[in-house]
Amino acid sequence: FSSLSTPSSSSPSSSFTLPTKPSPGAGSLSFSNFACFSGRRASTGRFRMAAVRAEAVDTSISPRVSALRPSKTMAITDMASALRQAGVPVIGLAAGEPDFDTPAVIAEAGINAIRDGSTRYTPNAGTMELRKAICNKLQEENGLTYSPDQVLVSNGAKQCITQAVLAVCSPGDEVLIPAPFWVSYPEMARLAGATPVILPTSISDNFLLKPESLASVITEKSRLLILCSPSNPTGSVYPKELLEEIAAIVKKYPRLLVLSDEIYEHIIYHPAKHTSFAALPGMYDRTLTVNGFSKAFAMTGWRLGYLAAPKHFVSACGKIQSQYTSGASSISQKAGLAALNLGYAGGEAVSTMVKAFQERRDYLVRSFRELPGVKISEPQGAFYLFLDFSSYYGSEVEGFGTIKDSETLCMFLLEKAQVALVPGDAFGDDKGVRISYAAALSTLQSAMEKIKDAMSLLKAPAAVQ
């Protein structure tokens, strides 16, 4: 949040307060104490010169970096952690991280990699054995044919996307992003000097981009369309027929590329089916496909993702990676190889997790439908609900103030329900709130009770249109 901080007298009244650091005292090390302790030395010319130099230091930050906005997802997660450390029993449903442990066979492969001495640098693009395994996966599961030199393994899918945007976008280019969107997409565009162009979608359309909306914003500056299916933050899954309509529009513009973020590919609920955009007719040569291991295999901390694309795009991304981070962890790559060897779509290990996610989704959908005024688009994949709470905006809460928007609603729920959610304005849609159900069912049940109790404090919502 822009206002995320320890609750104070200038903010709505709070039922909790974070501890603050004590002011420097006699036992604290501070510049003033150090000067007293140093006696005459503090008055020497050398110390005066150091002080002058310190005052003259240019502390400005690059305008390109200054334009970046901090991730509200990370901010609310950090705030919830701080509150828990302070003794407040906050339930965190903000972070997009599976609550499952990494499957044992994958973890064991990582452990064996350490024991066997696989702890040195790997090729910048990733080990050959892992890239070959990724090629096999893409062929068998996605109908895509790539060679190892068309695959780049990176430190997570986020790095893959950042490098792809940097590689293909120039200052003045436009990046087309359907909203609600993952919080990092617009910032990645800005980091490349490009302009994010936001394409709003509607909950009545299950947050799916309408082809006519896409066609209406394409210009000669349009360089990249970013699609995420299954979607973070909505859980929407693009049906093949709709993707084909989008592809037909994209095909008309030779300069327009597509980045297909497929990190939630295996977390999908029947009858929805995943379609890789690059597999559509005419889209292979202009699509950069990003995937990884964090979500489906519960490997968020292993930091491992990959890009598959035409060779010239992969080479450009590899050039960036060689100067930024070099190759991904050798240990993580061994673990990733084990993950791909679990079988089609991750085998039983992944299907067990998906079954649990679906049970949690069904519980939350039923429960929120009991709250008047809340609009729901039932997610078909991933592990998020993006709920429209806008009918409650304008409500007055005694002892808190007015619920003005998604941010104040989340602050209200954090204070009164002690549940951490992410405001929809972080995702480009202020009507909504994102809830991650990557948490145990019992945790979700407890959170739901608290949310219902807190929402009962609000006045009756406006009628839902």
Side-chain angles (χ1 to χ4, degrees), residues 62-72 157-202 205 207-229 231-234 236 238 242-263 276-278 280 282-290 307 309-310 312-317 319-320 424-430:
S62 158
R64 187 171 291 186
V65 174
S66 297
L68 298 180
R69 302 167 185 171
S71 167
K72 285 191 178 182
K158 179 179 281 190
Q159 181 178 4
C160 295
I161 299 171
T162 302
Q163 291 174 168
V165 175
L166 289 171
V168 304
C169 292
S170 302
D173 282 344
E174 294 177 346
V175 178
L176 312 181
I177 306 171
F181 47 71
W182 181 43
V183 295
S184 295
Y185 293 148
E187 307 314 313
M188 291 171 175
R190 292 186 180 99
L191 189 61
T195 301
V197 177
I198 307 306
L199 287 68
T201 64
S202 171
D205 296 318
F207 298 113
L208 298 172
L209 176 64
K210 288 185 175 182
E212 56 268 29
S213 297
L214 172 62
S216 69
V217 300
I218 297 177
T219 70
E220 69 279 358
K221 295 181 180 180
S222 302
R223 179 56 173 162
L224 188 65
L225 167 65
I226 299 181
L227 295 175
C228 181
S229 179
S231 165
N232 174 7
T234 67
S236 300
Y238 279 81
L242 179 55
L243 289 177
E244 289 173 338
E245 292 183 52
I246 292 173
I249 295 171
V250 170
K251 189 181 295 186
K252 299 176 183 178
Y253 301 90
R255 193 168 181 269
L256 183 59
L257 306 176
V258 176
L259 190 149
S260 183
D261 183 351
E262 303 181 8
I263 188 67
S276 287
F277 196 82
L280 300 175
M283 293 298 106
Y284 181 91
D285 290 336
R286 67 168 80 214
T287 302
L288 298 91
T289 300
V290 172
L307 167 75
H312 52 285
F313 292 136
V314 170
S315 296
C317 293
K319 190 185 299 184
I320 297 172
D425 68 335
F427 307 101
D429 188 343
D430 193 41

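Throughout, numbering of the chain's residues begins at 1 and tracks the sequence.
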Problem - Check: Ser315 and Lys319 side chains under 4.5 Å, non-hydrogen atoms - result: no

Exercise for the section: Take Leu227 and Leu243 through the side-chain contact (heavy atoms from CB on, under 4.5 Å) test and state the conclusion after the steps. Expected result: CA-CA 10 Å; Leu227 295 175; Leu243 289 177; 4.2 Å; yes

Problem - pair Asp173-Arg255: side-chain heavy atoms closer than 4.5 Å - result: yes

Handout entry: Residue pair Glu262 / Ser276: nearest heavy atoms and the distance that separates them
Key = OE1-OG, 2.8 Å

Practice task
Keeping the roles fixed (side chain from Thr219, backbone from Lys221), state whether a donor-acceptor pair exists under 3.5 Å.
Solution key: yes

Problem - Spacing of OG1 belonging to Thr201 relative to CG belonging to Asp429, to within rounding of 0.5 Å - result: 7.0 Å

Fill in the blank from the handout: Here the pair of heavy atoms bringing Ala67 nearest to Arg190 is O-CD, 4.2 Å

Practice task
Could you check if a side-chain atom of Lys158 sits within less than 4.5 angstrom of a side-chain atom of Met188, using non-hydrogen atoms only?
Solution key: yes

Practice task
Flag the pair Tyr185 / Cys228 as yes when at least one side-chain heavy-atom distance between them is below 4.5 Å, and no otherwise.
Solution key: yes

Fill in the blank from the handout: Tightest non-hydrogen contact, residues Ser213 and Ser216, listed as O-OG, 2.7 Å

Exercise for the section: Any chance you could measure Leu259, atom CG, to Ile226, atom CD1, to the nearest 0.5 Å? Expected result: 5.5 Å

Completion exercise
Distance col, row Leu224:CG vs Leu256:CG, nearest 0.5 angstrom, shows 7.5 Å

Handout entry: pair Leu209-Tyr238: side-chain heavy atoms closer than 4.5 Å
Key = yes

Exercise for the section: Check whether any side-chain heavy atom of Met283 sits under 4.5 Å from a side-chain heavy atom of Val250, and report yes or no. Expected result: yes

Practice task
For the pair Thr287 (side chain) and Thr289 (backbone), establish whether a donor and an acceptor sit closer than 3.5 Å, ignoring hydrogens and angles.
Solution key: no

Exercise for the section: Grab the two heavy atoms, one from Pro171 and one from Arg64, that are nearest each other, plus how far apart they are. Expected result: CG-NH2, 4.3 Å

Problem - Distance, nearest 0.5 Å, that separates CD1 of Ile320 from CD of Gln159 - result: 9.5 Å

Practice task
Kindly indicate whether the side chain of Leu199, heavy atoms from C-beta on, has any atom under 4.5 Å from the side chain of Leu176.
Solution key: yes

Exercise for the section: Take Ser222 and Val217 through the side-chain contact (heavy atoms from CB on, under 4.5 Å) test and state the conclusion after the steps. Expected result: CA-CA 8 Å; Ser222 302; Val217 300; over 6 Å; no

Fill in the blank from the handout: Rounded to the nearest 0.5 angstrom, the CD-CD1 distance for Glu174 and Ile218 is 10.5 Å

Exercise for the section: Taking Arg69 for its side chain and Glu187 for its backbone only, find out whether a donor-acceptor pair lies under 3.5 Å. Expected result: no

Fill in the blank from the handout: Scanning both residues in full, the closest heavy-atom pair of Ser71 with Val183 reads OG-CG2, 3.8 Å

Exercise for the section: Might you point out which heavy atoms bring Ala164 and Cys317 nearest each other, and give the distance in Å? Expected result: CA-SG, 3.6 Å

Practice task
Show the numbers, then the answer: is there a side-chain contact (heavy atoms from CB on, under 4.5 Å) between Cys169 and Val175?
Solution key: CA-CA 8 Å; Cys169 292; Val175 178; 3.8 Å; yes

Handout entry: Close side-chain approach of Leu242 to Pro211, heavy-atom, < 4.5 Å
Key = yes

Handout entry: OG-CZ distance between Ser170 and Arg223, expressed to the nearest 0.5 angstrom
Key = 7.5 Å

